[in-house]
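All remarks here apply to the structure that follows.
Below, chain A is the first sequence line, B the second, and so on; all start at residue 1. Just so it is clear, the structure is predicted and the values come from calculations on it, not from any experiment.
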Amino acid sequence: MLKKERFRRFLDYFTSNFPEPETELHYKDPFQLLVAVVLSAQCTDKRVNMVTPALFERFPDAQSLALSNAEEIFTYIRSISYPNNKSKHLAGLGRMLVEQFGSEIPASIDELQKLPGVGRKTANVIASVVFNQPAMAVDTHVFRVSHRLGLVPKTATTPLAVEKELMKHIPTELVPKAHHWLILHGRYVCLARSPQCKICKLTPICQYYEKLQKTTVF
DNA sequence: ATCCCGAGGG
DNA sequence: CCCTCTGGAT
């Protein structure tokens, strides 16, 4: 199947069945989303959502983070992955937002990436979700699902390469939604260790499933 | 043992 | 390119 056809059917399916996908991280403003996404590295959204209510009550904005320190922040996030690194990142994040960005969340990818704990993936999420820019954040789900479906070539071995391949084929206005669609599919259907092909509606266009049929003996 | 909406440093 | 960070669920 042609790649163009794969993309068309992938986008058609999700446009029809999940027209308004959203992140599962809990937040109520750009600052909270930024913090939540920084915390979500190598950690499930569910666990992040367990610590953010108390965290946001104590630190409702960049100023409060800037006035605190990594030691105190650590006590609020000790139950998630890499609490030491992330508490240091958040302390520095608060300070930089206050000192260099007037306590506003910057909109450009380059400026976002200057913030401690914010790499390309997190910067793309903020640009896409907060500012509705056509930025494709490639996390573990997007990477895996894109390869399994056959949306990107095997030579796309890095998140950046996958990002560029996806951007080539997804219409600009659908990029923010496609990001969520790939994540939702990876989280609930195309699981890393046990892809649920039996309930998957995309098997007709899936490269992984196609190969699976060839190698399975009945 | 592997995975989870990765980032920073060497 | 590599390595380290390193909690909790499956």
Side-chain angles (χ1 to χ4, degrees), chain A residues 14 18 21-27 30-52 54-55 70-71 73-97 105-106 109-131 133-149 151-152 155-163 166-167 170 175-196 208:
Chain A
F14 280 104
F18 300 92
E22 289 181 22
T23 177
E24 294 186 358
L25 291 169
H26 297 166
Y27 71 101
F31 168 77
Q32 290 190 358
L33 179 64
L34 178 58
V35 171
V37 177
V38 168
L39 293 179
S40 72
Q42 296 297 295
C43 188
T44 59
D45 285 4
K46 195 171 292 183
R47 292 219 67 78
V48 173
N49 290 336
M50 289 173 70
V51 306
T52 45
L55 182 70
E71 289 70 26
I73 298 168
F74 178 88
T75 65
Y76 289 85
I77 65 171
R78 64 169 83 228
S79 65
I80 64 172
S81 310
Y82 315 136
N84 268 305
N85 284 348
K86 289 172 181 175
S87 55
K88 289 173 190 167
H89 288 156
L90 290 185
L93 179 72
R95 263 179 260 126
M96 191 177 286
L97 281 175
I105 310 295
I109 304 290
D110 287 346
E111 288 186 310
L112 283 164
Q113 279 197 256
K114 291 178 183 171
L115 298 167
V118 179
R120 186 171 185 89
K121 179 255 168 179
T122 300
N124 279 337
V125 171
I126 301 303
S128 172
V129 176
V130 176
F131 300 102
Q133 292 176 37
M136 175 58 73
V138 178
D139 65 8
T140 180
H141 294 305
V142 175
F143 190 90
R144 179 181 69 253
V145 173
S146 297
H147 276 290
R148 283 212 181 128
L149 286 176
L151 296 176
V152 300
T155 52
T157 56
T158 67
L160 183 61
V162 170
E163 175 187 331
L166 292 175
M167 292 298 286
I170 300 176
V175 167
K177 288 184 180 183
H179 161 69
H180 292 302
W181 288 333
L182 287 164
I183 288 176
L184 291 175
H185 191 62
R187 186 173 291 164
Y188 296 110
V189 180
C190 199
L191 312 186
R193 282 174 286 192
S194 54
Q196 308 290 300
Y208 175 87

Nearest to side-chain heavy atoms of [X], which nucleotide of [options]:
| X | options | answer |
| --- | --- | --- |
| Ile183(A) | dT2(B), dC5(B), dA7(B) | dC5(B) |
| Arg193(A) | dC3(B), dC5(B), dG6(B) | dC3(B) |
| Thr122(A) | dC4(B), dC5(B), dA7(B) | dA7(B) |
| Ser79(A) | dG6(B), dC5(C), dG7(C) | dG7(C) |

Apply side-chain contact (heavy atoms from CB on, under 4.5 Å) to the pair His185(A) and Phe14(A), showing each step before the final yes or no. CA-CA 10 Å; His185(A) 191 62; Phe14(A) 280 104; 3.9 Å; yes

Phosphate OP1/OP2 of [N] contacted by [X] side-chain N/O (<4.0 Å):
| X | N | value |
| --- | --- | --- |
| Arg47(A) | dA9(C) | yes |
| His141(A) | dC4(B) | yes |
| Thr23(A) | dC5(B) | no |

What closest approach, in Å, do Met136(A) and Ala178(A) show between heavy atoms, and which atom pair accounts for it? CE-CB, 4.0 Å

If you compare all heavy atoms of His26(A) against all heavy atoms of Asn49(A), which two are closest, and at what distance to 0.1 Å?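 Closest pair (atom of His26(A), atom of Asn49(A), distance): N-OD1, 2.8 Å.
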
[X] [atom1] - [N] [atom2] separation (whole Å):
| X | N | atom1 | atom2 | result |
| --- | --- | --- | --- | --- |
| Lys121(A) | dC4(B) | NZ | P | 12 Å |
| Lys86(A) | dT4(C) | NZ | P | 18 Å |
| Gln196(A) | dC3(B) | CD | C1' | 15 Å |
| Leu115(A) | dG8(B) | CG | C1' | 14 Å |
| Gln42(A) | dG7(C) | CD | P | 14 Å |
| Arg144(A) | dG6(B) | CZ | C1' | 15 Å |
| Asn85(A) | dC4(B) | CG | C1' | 16 Å |
| Ile80(A) | dC5(B) | CD1 | C1' | 13 Å |

When we call it a touch if two heavy atoms are under 4.0 Å apart, what does [X] touch: a base, just sugar-phosphate, or nothing?
| X | value |
| --- | --- |
| Val118(A) | sugar-phosphate |
| Val125(A) | base |
| Ser81(A) | base |
| Pro83(A) | sugar-phosphate |
| Leu39(A) | nothing |
| Ala137(A) | nothing |
| Arg78(A) | sugar-phosphate |

Select from Glu22(A) and His89(A) the residue whose nearest nucleotide in DNA chain B is closer to the 5' end of that strand. Glu22(A)

Note: for Cys43(A) and Gln113(A) on DNA chain B, the residue whose nearest nucleotide lies more 5' is Cys43(A)

Suppose we call a contact any N or O donor and acceptor under 3.5 Å apart; does that hold for the side chain of Thr140(A) and the base of dC3(B)?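 Check fails, no donor-acceptor contact within cut-off.
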
Show your working on side-chain contact (heavy atoms from CB on, under 4.5 Å) between Leu93(A) and Leu34(A) and close with a plain yes or no. CA-CA 10 Å; Leu93(A) 179 72; Leu34(A) 178 58; 4.1 Å; yes

Report, as yes or no, whether the 6.0 Å neighbourhood of atom CE on Met167(A) holds more than 12 heavy atoms from other residues, nucleotides or ligands.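 For Met167(A), atom CE is crowded (more than 12 foreign heavy atoms under 6.0 Å).
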
Can you tell me which residue among Val152(A), Leu184(A), Leu182(A), Ile183(A) is in a side-chain contact (heavy atoms from CB on, under 4.5 Å) with Val145(A)?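 The single option meeting the side-chain contact (heavy atoms from CB on, under 4.5 Å) with Val145(A) is Leu182(A).
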
[atom1] gap between [N] and [M], integer Å:
| N | M | atom1 | value |
| --- | --- | --- | --- |
| dG8(C) | dA7(B) | P | 22 Å |
| dC5(C) | dC3(B) | C1' | 16 Å |
| dT6(C) | dT2(B) | C1' | 14 Å |

Along DNA chain C (nearest heavy atom to each residue), the more 5'-positioned of Phe74(A) and Thr158(A):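 On the 5' side of the pair lies Thr158(A).
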
Short side-chain donor-acceptor distance under 3.5 Å, Arg144(A) and His141(A):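 Present: a donor and an acceptor within the cut-off.
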
Would you say Tyr82(A) stacks on dC5(C), if stacking means ring centres under 5.5 Å apart and planes within less than 30 degrees? yes

